[in-house]
Structure formats: C-alpha cells, structure tokens
Protein chains: 2
Amino acid sequence: MATIKQVAKHANVSVATVSRVMNKSGYVSEEAKEAVEKAISELNYAPNRVARSLYKKSSNLIGLIMPDITNPFFPQLARAIEDVANQHGYQVVLCNTDEQLEKEQTYLVALQTMHVDGLIITTNHSHNPNYETLNLPMVALDRIVKAGIDAVISDGYEGGKLAANTLIQRGAMRLAHIAGPDHLKTVQRRTEGFVEVAGDRLVGMTESAFAFKDALKASQELFDHAWPFDGIFAANDVIAAAVLQEAVRRNIRVPEELQVIGYDGIELGEMTSPPLTTIVQPIYEMGRVATERLLDLIEKKDTRPKEMLLPVALLERQTTKRKER
Amino acid sequence: MATIKQVAKHANVSVATVSRVMNKSGYVSEEAKEAVEKAISELNYAPNRVARSLYKKSSNLIGLIMPDITNPFFPQLARAIEDVANQHGYQVVLCNTDEQLEKEQTYLVALQTMHVDGLIITTNHSHNPNYETLNLPMVALDRIVKAGIDAVISDGYEGGKLAANTLIQRGAMRLAHIAGPDHLKTVQRRTEGFVEVAGDRLVGMTESAFAFKDALKASQELFDHAWPFDGIFAANDVIAAAVLQEAVRRNIRVPEELQVIGYDGIELGEMTSPPLTTIVQPIYEMGRVATERLLDLIEKKDTRPKEMLLPVALLERQTTKRKER
DNA sequence: TCTTAATGTGTAACCGGTTACATATCAATA
DNA sequence: TATTGATATGTAACCGGTTACACATTAAGA
C-alpha cells in the first residue's frame, strides 16, 4: 500500500498538500490539486485509517453490543445498523455478549482502546454501571439503559393494547398471555398494555425466556393449566411460534378455536403454519433511527438526551379470524 | 485515558520499560516491573490499540463478509466466529454485502485501510477478482472462492445422498427436490448427491433462491407440476419450511403422505409444524474451524492452502416416518 | 507606492505506542 | 586483571497520517 509520502514525492509536493487535497481543507492551487489527484490514482493510494485515527482520536468504527445474534430479531436490527453506518462511512464491530456480564465488560474496554466513536446497545444488563462512566456517545436500542442515555424503542404498551383489542374484536372471550423476561422494561410494557385491555377476560398468563425451547415449555404449562382460552398474545414471535406448534400438536385448530398474536414482525412469522398474525415493530426503522441518532451524537449535532418511541402496527396473517364487518 | 508516558512518569521509568513489562519482552528488573504494574493499576491504564496498530501494522481485527445476516444460517456462523475470535483477543467487523458486488468492493478497501489482519468470506461473488490481489490471510466459509484460498465447507454431497437414502429407507418411492441457486458450488453438491442416489425415483425438481418468498413460489410450482411425490429434499431449511407450509395449505399430511428433509440444521427447523427432519451441518464447528484456521494463517503457523470438509448428520424430527426395523 | 489580506506551500511537531541502539552494571570466565 | 555475556534501562526513530506555524507570493485597497 502506498503512503502519503510516496504520493507527495510522485506529485512533487509536500505531504501537507496531499493531505489538504484529500481533506479539501486549506488552500491548494488547481495545479497542485491535479498533480496530487493524478498521483493518487496512479499509485492507487488509500489513506491509512489507523494513522488518521491516532491523530484524530476517532476511528469511524461503532460498537454494536448484542445479547445474542442468533435470536432472529437481532440480525434484522444489525442489518439496518450496518446499512446506515456504512452509508456514512462507518464500520460496525459486532459484540455478542451471550448475556454474560463479563464478556460485555471485556468488550467495553476493547472498544475503548480501539477508539470506537460510539456504541449501540441492545444488551440486557441495563444495570451495568460501566456505561455511565464510559463517556462515549451511545444509544440504547430496544432497551432502556438509564435516564440520560438515548433510547430508541417501539411502543410496546400500545402494541399490547392493540393485540388485546384485536383478539376481542375478532370474538375472543377468554384470553391468555405469555410474557417475556421480567427484567426487560420494553417487553414488560407489552404485557401491561395487554393486561389492561384484557381485564377480566384474562384467564391465564405465564412467562418465558425468548429461546424457543423455553417458550415451548411455557406454552405446554399454559395449555395444561389454563385451557380453554380462545385468544393468546405472546411477548414475541418466537414464543408465538412455540404456542402455534403446541396447539398443532394438541389438535387445536388455529384460528378457529384459538387465535394467536405475536410481537416483532420477524420473518419467522411467515414461515409458520399457518402464518402468524403479529404486532410489527418497525425493526429496520428502529435500527436506522438509532444509528442516525448515534451519528448525530458523534458529530455533536445535538446532545440533549431523548427517548424515541416508534409506532407499531397490526400485521394480519392467518392466526386470527377475518375481521367482522 | 492514561497514556504510556503518564504511566512511565508515575512509575519513574521510561516508556520503553513500561512497554517491556506490558509485552513481557526484553529484560526488566523485578523492582521496575512492580512499580510499573502498580502505576498501571492506579491509573487504570489500557494501551491504545490504534497506536499499537500503526507501528505493528496489525489491528487484531478480522473482517467478516456475509451476503445477508438476515438469513438465519449466517447469524449462527457469525456467532461461532465472534466467539472464537474473541477468545483469541480479536474483534470482528461485520460486513453485510447484501449480495451487491459494489458494497463488497467498498468494504474490501475499507478493511484494508483499517489494516484488518484477515478475512472470513461467506459471500457469493466467488468470481470477485479482488480477493486474489488482496494479499491478506483469508478463509472462505461455506463457499469455495477459488483454488489457493482455504475453504471450510460441509459435505454436501454426502448430505444429499444421506437425504435420498433416508427417504427411500422410509418408504418413499417418488422423490422430488428443490435445489439452491446454481452459482453456489457448495449447494449444488447437495443436489448432485441427492440426484445420484434418487435415480429413477426422481419425479420432480426445481430451483429456488434462499429467501422464503422465492421458496414458497418454487414449492407451489413443484406441487402444481410434479405432484404426487412422497418424499422431498430441499437444499436448505428455509426452503423446506416453505414446502411444509405449502403442504399444510394443500392439506397434504406430513409425514404420512409426504416426507420432507431440509439441510442446515438451523433453529428454524424446530419451530415449524411438524418440526423438520434435516441434514445438519455442524454450523458452530464450521465457524470455529474457519476462525482457528484464519488465526493460524495470520500467525503464519501454516500456509499451505487446505480445503476442510466437515461431516453432516441426519437429525430426525417429525417430517419423516419412523425407521422401520 | 505602501499596507494589508488572501492565497499557496513546506517543515516539523504531534498522536501513543514499539523497538533498535547505545550505554551501564555486574558476575563469571580466562 | 582483562574480557565477555547476561541483565537492565533510557533515548530516539519510527509507523502514516493531520495541522500549527512560518514563510512567500500576489492582489486589493488606501
């Protein structure tokens, strides 16, 4: 790889001039500019980002901290983040914490020593004290880390209400619910909204982690103890898929006997039989907003902390009945 | 963040000595070592990796080039890679190319200018000429880029044969197949193995991209034109999920009337109804082997190009009949 | 014509590490 | 006692950019 010195020599100017034309800063004569550009293209020169980082104390790298990229919700988020970051000349460093606080800590120091410009956090350890002392631009995504740190979330409370209202409107009388892990505020809001609207109609409720196996176990328990119910809302699509599978296994017809609504809007929902009705979060949009916000923070465009609440919508597939008119 | 100079001053030694104790290189007296260690912990010092990179021309970063992180096979791979890389002190830069050659090129220069130490490639543009001139350690994963570049793949040929033999053994007489995109050699091998064993029994075959929507369309065509068949092998689990969904929609009973086998062994397979029988690739293992191989290459432990072929296995869930005995 | 500001360019310091090299001490060996 | 190798440590060059500063030239305004 060519260096700036070689380019300078080749164009018969100093390194300062080369740097000026590359960064379009300071004064450069038309003549010098052309010579430099010619040299750059002839030598196939691309500036060494490491050297630039060292002086500028900025790397054009952002850290993406995720609990588990294997959970199908996160890749869609990652995809959006990577997309937007890339459009702005940033790369993303993938940090899978596996829910282990220790891995998260290790990553935090690694990211700092490599001078990442900012962080997007979708992790579960919202109590991690390190974030406060980090002094790095960061935004929490689908999570609320703490006041003072920006957050981008979808409106789970409205989503929960929407799920309940939809089931009721389609004739469900006896409702059930499987909530998500109780340390995730954003997920609990879904439950709050649902429970509030369901009121007396709620006949059964349990809780589950987001892994499919756990969800299957939770579903079985619910069917064992709270059956019959004719409408169920699951805190996310993976849990809903487990409910569906268990319903099929028990020969319960969906949606005739039991209507099912999930939450997330991930692709998995199209792949189940029958395809899943769900409350969609605008996943790509969330990733986009979070990333753009982070870039603003990095470029110091706006520093007042904000919480951004994005709207959700009902996506009707085939686990709910047709709307009566 | 403290710098090495501050640590040196605090410990009353030179920066060289500090560097020596940090890298356990050269001679350092016990006394100096203790003083430096004390200073490091008191100042909470962590060396600036950017500065180190500049001198060493190595960043402890590896680039991971993927076509689409949203496709559920890749996150599992990413997870393994991230895991192993992290254990060895490397971080991974996620590069989603979206199948666009241009994005891939852009990433390639970005990765070079940031001095990544190596590349893992799971991308589809195996003809991309840039890889050859890149002069960076790299390994292709689930892909064959070209001779001379290491590859880690699973034994698709055996997998295809295994799928056919399994279906035949379980009584299937009329076989069908949905192949994957024909520019992916690793995927074509599955088809070759299957077709070879199926022989005359093969009554229908089509091709599909890996996106669910495409797969659904392909399934429909196959059912429209080649039905009846009583055993089908799909080139991956996503396609198999589409086949299943379409079978359910047409009231075809699985596995009684139609047995289905997928390929990959991703989690999606447990979530369908009924759960999918599939040929599992050792996904985590493939990611692990590829990453370890890359790290060996980086550390110049072994530079003879190799192709590593990992074995596959049958995972029986419920879309095939019980084995007769 | 003289002053002043705008334009153009190069030199060298700087970012924060690593390491070649010079230098010094000391114990072992000839 | 002189020589030698192992041990210990500091100075400064180096990695490849960016930019403060000095200096030169030219055009505009008084």
Side-chain angles (χ1 to χ4, degrees), chain A residues 1-40 43-61 89 109-117 299, chain B residues 1-40 43-61 89 109-117 299:
Chain A
M1 279 251 92
T3 70
I4 198 173
K5 259 185 211 162
Q6 291 166 14
V7 173
K9 178 179 276 182
H10 199 271
N12 248 303
V13 295
S14 72
V15 294
T17 299
V18 177
S19 180
R20 280 183 199 111
V21 344
M22 303 229 8
N23 299 299
K24 301 188 204 313
S25 66
Y27 295 110
V28 182
S29 67
E30 194 55 35
E31 203 187 336
K33 191 178 161 212
E34 275 164 25
V36 169
E37 277 165 353
K38 185 157 166 279
I40 287 176
L43 298 179
N44 212 301
Y45 169 71
N48 181 327
R49 275 174 57 179
V50 177
R52 178 181 258 154
S53 284
L54 181 57
Y55 188 90
K56 298 278 229 163
K57 293 175 187 317
S58 131
S59 56
N60 277 34
L61 247 29
V109 339
L111 292 172
Q112 264 194 304
T113 62
M114 68 206 272
H115 278 279
V116 297
D117 293 339
E299 285 151 21
Chain B
M1 280 251 92
T3 70
I4 198 174
K5 260 186 209 161
Q6 291 166 15
V7 172
K9 179 179 275 185
H10 199 270
N12 248 304
V13 296
S14 73
V15 294
T17 300
V18 176
S19 180
R20 279 181 200 115
V21 344
M22 301 225 14
N23 299 300
K24 301 189 202 317
S25 67
Y27 295 111
V28 182
S29 67
E30 194 54 37
E31 204 186 337
K33 189 176 162 215
E34 275 164 25
V36 169
E37 277 165 354
K38 186 157 165 279
I40 286 176
L43 298 180
N44 211 300
Y45 170 71
N48 182 327
R49 274 175 56 180
V50 177
R52 176 181 262 154
S53 284
L54 181 56
Y55 188 90
K56 297 278 226 160
K57 294 174 185 318
S58 130
S59 57
N60 276 38
L61 247 28
V109 339
L111 291 172
Q112 263 193 305
T113 62
M114 67 207 271
H115 278 280
V116 296
D117 293 340
E299 285 152 23

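Each chain gets a letter, A, B and so on, in the order the sequences are listed, and its residues count up from 1.
- Of all nucleotides listed (D:dT18, C:dT9, C:dG16), C:dG16 comes nearest to the side chain of B:Asn48.
- Across D:dA8, D:dT19, C:dC15, the shortest atom-to-atom separation from the side chain of B:Tyr27 is found for D:dA8.
- Between the CD1 atom of B:Ile4 and the C1' atom of D:dG10 there is a distance of 13 Å, given to the nearest Å.
- Picking from D:dG16, C:dG17, C:dT11 the nucleotide with the shortest atom distance to the side chain of A:Val15 gives C:dT11.
- With C:dT11, D:dT9, C:dG17 as the choices, the nucleotide that has an atom nearest any side-chain atom of B:Ala51 turns out to be C:dG17.
- Nucleic acid contact for A:Arg20: base, since at least one base atom lies under 4.0 Å from a heavy atom of the residue.
- Comparing D:dG16, D:dA8, D:dG17 by their nearest atom to the side chain of B:Ser29 picks out D:dA8.
- Within the nucleic acid shown, A:Val13 comes within 4.0 Å of sugar-phosphate atoms alone, with no base atom in reach, counting heavy atoms only.
- Comparing atom distances between the B:Arg52 side chain and each of C:dG17, D:dA8, D:dG17 picks out C:dG17 as nearest.
- Nucleic acid contact for B:Ser19: base, since at least one base atom lies under 4.0 Å from a heavy atom of the residue.
- Judged purely by atom type and a 3.5 angstrom limit, A:Ser53 uses its side chain to pair as donor or acceptor with the backbone of A:Ser58.
- Of the candidates D:dC15, C:dG10, C:dA12, the closest approach to any side-chain atom of B:Leu54 belongs to D:dC15.
- Comparing B:Ser14 and B:Tyr55 by the nucleotide of DNA chain D that holds the closest heavy atom to each, the one mapping nearer the 5' end is B:Ser14.
- The side-chain heavy atoms of B:Asn23 and B:Ser19, taken from C-beta on, include a pair separated by under 4.5 Å.
- Of the candidate nucleotides C:dG10, C:dG17, C:dC15, C:dG10 has the atom lying nearest to any side-chain atom of A:Thr17.
- Closest approach to the A:Asn23 side chain among C:dG8, D:dT11, D:dT18 is made by D:dT18 (side chain taken as heavy atoms from C-beta onward).
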